[in-house]
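Structure first, commentary second.
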Amino acid sequence: MRGKRERLLREMYAAMHARLGPSGWWPGETPLEVCVGAVLTQNTAWTNVTKAILRLRDAGVLASGQALLSLPEADMSELIRPAGFFRLKAVRLRNLLRFLDDACGFDFSVLAGQELDYLRPRLLNVSGIGPETADSVLLYAVGLPTFVVDAYTRRILHRHAMVPDDIPYHELRDVFMDVLEPDVPLYNEFHALLVRVAAQWCRARAPRCADCPLCPFLDGGGA
DNA sequence: ATCCGGGGAT
DNA sequence: ATCCCAGGAT
């Protein structure tokens, strides 16, 4: 029965929102920047990504997709070095930029008019773009209603005994999308709240369950 | 199962 | 000086 899971997810959302308020969170100033961040943040912390983005901004190459594309790969690697896996990510970012260039010429409103089920597989077909990166681009840069799942999401739901630890990406995504109506602001805010809870309370080591907004939903946490 | 690399915590 | 953290490809 999944009416129970639906109620639980909505209550968790409400609890986080009540404690933390609206996040107003967007992982970048522009859609282009969101795409850059989506690649750079693969398997790395946001603090590192921020440094890399700043370096790109200061170098003036973040102004347009063309500027980024015309940057030699060696220069790109060096600029994004703080984000880690920098040679790999320079290639992956280039792949994504090339895709965006010929899919829409960096006019993201064109992509916003396309079907999620059409665009998502195409994005996943780009080498270096996996499900999380694709969903992050689709939700935050394009504005299509796909739920972004990450290690934080997995950890929080697993610790609340809602999913197995090794649940595949698409199944975890379905946990949300099977139950939540397609709603970009809702998906945006839900993900943002999970990220904030994971960072401040549901940390990988030394979690602070006692005063976590999701404490009431813990096994034996009352309610 | 292993590789790719950095920053922060311990 | 290590250990730990976080996606995707092969």
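What you see below is based on every heavy atom in this structure, not just the backbone, and it leaves out hydrogens, waters and symmetry mates.
Among the atoms of the strands shown, only primed sugar atoms or phosphate atoms (P, OP1, OP2) are found under 4.0 Å from some heavy atom of R155(A). Residue T47(A) is classed as having no contact, given no heavy-atom separation below 4.0 Å to the nucleic acid. No engagement by V49(A) is indicated, since no non-hydrogen atom pair under 4.0 Å with the nucleic acid exists. Residue A45(A) is out of contact with every strand shown, counting any heavy-atom pair closer than 4.0 Å.
Atom CG in D135(A) sits roughly 13 Å away from atom C1' in dG7(C) (whole-Å rounding). Residue K89(A) contributes atom NZ, which lies 11 Å from atom P of dG7(B) at whole-angstrom precision. Atom CG of D165(A) is separated from atom C1' of dA6(C) by 14 Å (rounded to the nearest Å). Between the CG atom of L40(A) and the P atom of dG7(B) there is a distance of 13 Å, rounded to whole Å.
At a threshold of 4.5 Å between non-hydrogen side-chain atoms, the residues L180(A) and R10(A) count as touching.
Side-chain nitrogen and oxygen atoms of T44(A) include none within less than 4.0 Å of the OP1 or OP2 phosphate oxygen of dG5(B). OP1 and OP2 of dC4(B) both lie 4.0 Å or more from every side-chain N or O belonging to R87(A). Contact check, R81(A) against dG6(B): a side-chain N or O comes under 4.0 Å of OP1 or OP2. The shortest distance between the side-chain N/O atoms of K51(A) and the OP1/OP2 oxygens of dG8(B) is below 4.0 Å.
In this structure, CG on L68(A) lies 6.5 Å from CG on L56(A), to the nearest 0.5 angstrom.
Ring pair F176(A)/F147(A) is parallel by interplanar angle, where below 30° counts as parallel and above 60° as perpendicular.
Comparing dG8(B) with dG8(C), their C1' atoms are spaced 23 Å from each other, to the whole Å.
A donor and an acceptor atom, one from each side chain of D135(A) and Y169(A), are located under 3.5 Å apart.
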